[in-house]
Amino acid sequence: MARTVIVHVGAPKTGTSFVQDLLFSERDALRKRGILYPADRFDAHFLAALDLMELPWGGIEREAGGAWDRLAAEIRAWDGTAIISHEILATASRQQTARALESLGGEGTEVHVVLSARDLVRQIPAEWQENVKHRKTLPYGDFLDELRDPARSTEVARWFWGVQEIPDVLDRWGSSLPPRQVHLVTVPPPGSPRDLLWQRFSSVLGLDPDELTLDDSRANVSLGVAEAALLRRLNERLADRVHNHNYRPLVRENLVHQHLSKERISDRLSVPDDVAAWAADLSRRWVVELAQRGYDVVGELDDLLPQPAGAFSDPDDPDPAELAEAGLNALTIMTVEAARLRDHEQTLHREIARLHGELDRAYATPLYRWRRKFVERSASSPLARRLLGLYRRVRGRNSRST
Amino acid sequence: MTRTPEYDARVRAWADALRSGDTRTWAEFRESDAASPGHGPLPGNAQLELVRRLAERDVPGDFGALADLVLATPSPGRGLVDPPLPWPGGLREFGTPAVEPDQQPVEELVRAACGVLVKLLRAQPETRRRVRRPVPRRRAFVLAGAPVTVAAVRETLRSAGLREGGRRATYLVLGGPFDHLMAERWCARIAAGEATRWRRSWRAAKTRPRGWPDLDLPTLASSYAEKAPGRVHVVLGTDPQQVADRALGLLGVRARVRVGSADIVAADLLRRLNPLLVLAAGPAGARALVTGPWADAVDARPHEGSLGAPSGHGAWSKATATRMAEELAAAARAGDYAVHGDPAVLLGDRRAGTGAVVRRAVPAEDVLDLALDLIASLWEGAH
């Protein structure tokens, strides 16, 4: 049985992908040190979270049935520290968090909940970009309006606050635990040392930050204003024309992650002044609330107070020259990819032709040719058909070859 | 401040009252001084309201046990996260705003009901359907077109002993008002496991040059006529019953077939359930639940009305229907294949100018009503 179970529940856009990638790639080494990261595939904890929350996710949920119970059983059977990490867990309801904690806990087990959090002025544009990367087409201005709707009447607002409202997420996950078992890891402000966040994560996960290799190749890099505007418009045109199973590798992975985000030509997306002021006010109230709760804060609560936002460029009204440049870049990237796939297709066609040739040579015996001719004849000749049926009955099984 | 002990105790007391069949709303109940002890998470807002609405119905069996099931079942999928119940002075500054349970978005109640339905469907006893072996007949058929009508006719023809496919088959392409065809197709796809919304199915159809290939009646009929000249019939009518009767008549089958309009409300509920059933029971298990207990529960249900094109899609619907009607009429004149019925029926009510009110989306209230009905009937079936 595990002595300690650490459940990292989010939030999205706080370095979670980086942490998960590290834990997954180092899981064998961690196991030798008594730390279990139970995953046989990179997205194992994502599937478990979908299962726990019964969350449809573009068809991926088809692979998630029973994933949470399997994960919990593996953890219960482990006599050491175990770690679960996925950012969508942040939106679990109280009934779902109760089920999760009950399934992981038990006598002698101490469950710890970890939430990593970043200031709202960075989170808001990051969440919109994440929406766009997931095929959404909502303009940025509408997104900002929906977030500020007090009734949270749209899906966008419900999801955003479900995963980003720090006091509420910690209340849902942590209200049944002693405050010392609830850990809030703050993302350092811009300009901080690059490995500071990893040091904070390491301390709460019980890892030695110097022992594990830092490789942030999978870290989510943000798009520029023009690139995000381009992708949103592309989504509008691709809607219902390209299935998710093609959109993911071609657009999200190849175009966005591999290229546009790494070769950004335009400004980083921020928020307009009025949104910055509103977010700063809300953040101050969060910090006051969180300070009263007695959680273990790893970092500084003031990290959650937004820094002054930079100059705002509107992705709903992007600079035409930048948009055109981003469009040309995208066209280049997709053309190169199309050429690569075409070459690959031709290679496969040659391979198929070679295999056909081998098959033909293998079948080029007189007996085989006679049998094939007889089967073809049976389509038009009742006598041949009867003989063939008799042969198959005598042989005792149906055959497609003769 | 998050929750108070008084709030918790009052909510638990309301849950206890609802378990015993009380139908008072939270606004009425919270004025009382009732309090119940307890620990653990409080029941959800939507779950409490769902129990209250079930208590307003005549649910057979142990209502307290059903209430316990509902209260213990989290709402699946996306939605409001734990909205609290309104409380004097307010409860907290953070989290989803409080909402009166009987005034919350209907979608939240449907979402909670879906969680319960998944559990109840899985709890239904297995039923074996008796398959009657008909006397085989030589006549063969191939059916295409309106999917719900096709399914009903196919079952009747098979029961009458006709073969499907093969040599010398008669090809029947069944059709009606184009919007109804789209509704039939949507319902059939949902029954097959899809989770597409009504509006989305139209958007997807419009990305294709001639809409969905399986509803492109002239192309279907032409391709059949190439391989089976003289044996292709396009059968049209204003309603599915008329089309089905004509189809059976053409094949000389006297059996009765009952076919109504597509059950759009059931389809809109099932589209929400499909991914949840796959999560709960796996793809094969989900299919078994849909063709078994789900079909048993909804197939005999009376329903009426179809759906019109969603707003913004009317012009494309009209253009597509007009093109198909013209192509069918031209093919009939040219003797390419037989057309039974007036091709203008494809235009639906637009043609007649009846001014009838056409629903362009499935009302969420209707879906909730059906969900509550099914919870009551499946609860009875499971016990």
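Chain letters run A, B, ... following the sequence lines, proteins first, then strands; residues in each count from 1.
For the residue pair A:R62 and B:V278, the shortest heavy atom distance occurs at CA-CG1, 3.7 Å. Shown here for A:S93 and B:P74, the closest heavy-atom pair between the two residues is OG-CB, 4.4 Å.
Heavy-atom distances place no part of B:L277 under 4.5 Å from chain A, backbone and side chain included. Within the 4.5 angstrom heavy-atom criterion, only backbone atoms of A:A92 (N, CA, C, O) approach chain B. When heavy atoms are compared at a cutoff of 4.5 Å, B:E107 does not approach chain A at all. For B:A72, the part sitting under 4.5 Å from any heavy atom of chain A is the backbone (N, CA, C, O) and nothing else. Proximity to chain B involves both the backbone and the side chain of A:E61, based on heavy atoms less than 4.5 angstrom apart. With a 4.5 Å cut-off on non-hydrogen atoms, A:L50 touches chain B through its backbone but not through its side chain. For chain A, the nearby parts of B:L80 are the backbone and the side chain; heavy atoms of each come within less than 4.5 Å. There is no contact between A:A67 and chain B, counting heavy-atom distances below 4.5 Å. Both the backbone and the side chain of A:P56 have a heavy atom closer than 4.5 Å to some heavy atom of chain B. Neither the backbone nor the side chain of A:W161 comes within less than 4.5 Å of any heavy atom of chain B. With a threshold of 4.5 angstrom between heavy atoms, A:R172 approaches chain B through side-chain atoms but not through N, CA, C or O. For chain B, the nearby parts of A:T91 are the backbone and the side chain; heavy atoms of each come within less than 4.5 Å.
The OG1 atom of A:T97 sits 7.5 Å away from atom CG of B:D82, with the distance rounded to the nearest 0.5 Å. In this structure, CG on A:L290 lies 7.5 Å from CZ on B:F94, to the nearest 0.5 angstrom.
When the shell of 6.0 Å around CZ of B:R197 is examined, it contains 12 or fewer heavy atoms from other residues, nucleotides or ligands. Around CZ of A:R377, the count of heavy atoms belonging to other residues, nucleotides or ligands within 6.0 Å does not exceed 12. Under a cut-off of 6.0 angstrom, the local environment of CZ in A:R41 is crowded, with over 12 non-hydrogen atoms contributed by other residues, nucleotides or ligands. Few gaps surround NE2 on A:H134; more than 12 heavy atoms of other groups in view lie less than 6.0 Å from it. For A:E102, the CD atom is loosely surrounded, since the number of other residues' heavy atoms within 6.0 Å does not exceed 12.
Counting heavy-atom pairs closer than 4.5 Å to chain A, the top-ranked of the candidates B:A205, B:A204, B:A195, B:P105 is B:A204. For chain A, the option among B:P76, B:P41, B:G95, B:P83 with the highest count of heavy-atom pairs below 4.5 Å is B:G95.
When the options B:V99, B:T96, B:V81 are evaluated for a side-chain contact (heavy atoms from CB on, under 4.5 Å) with A:R152, the one that passes is B:T96. None of B:K206, B:R200, B:R208 except one satisfies the salt bridge (Lys or Arg N to Asp or Glu O under 4.0 Å) rule with A:D240; the exception is B:R200.
Judged purely by atom type and a 3.5 angstrom limit, A:E54 has no side-chain atom pairing as donor or acceptor with the backbone of B:A280.
With a 4.5 Å cut-off on side-chain heavy atoms, B:R78 and A:E155 count as touching. Considering only heavy atoms from C-beta on, A:R285 comes within 4.5 Å of B:E93 through its side chain.
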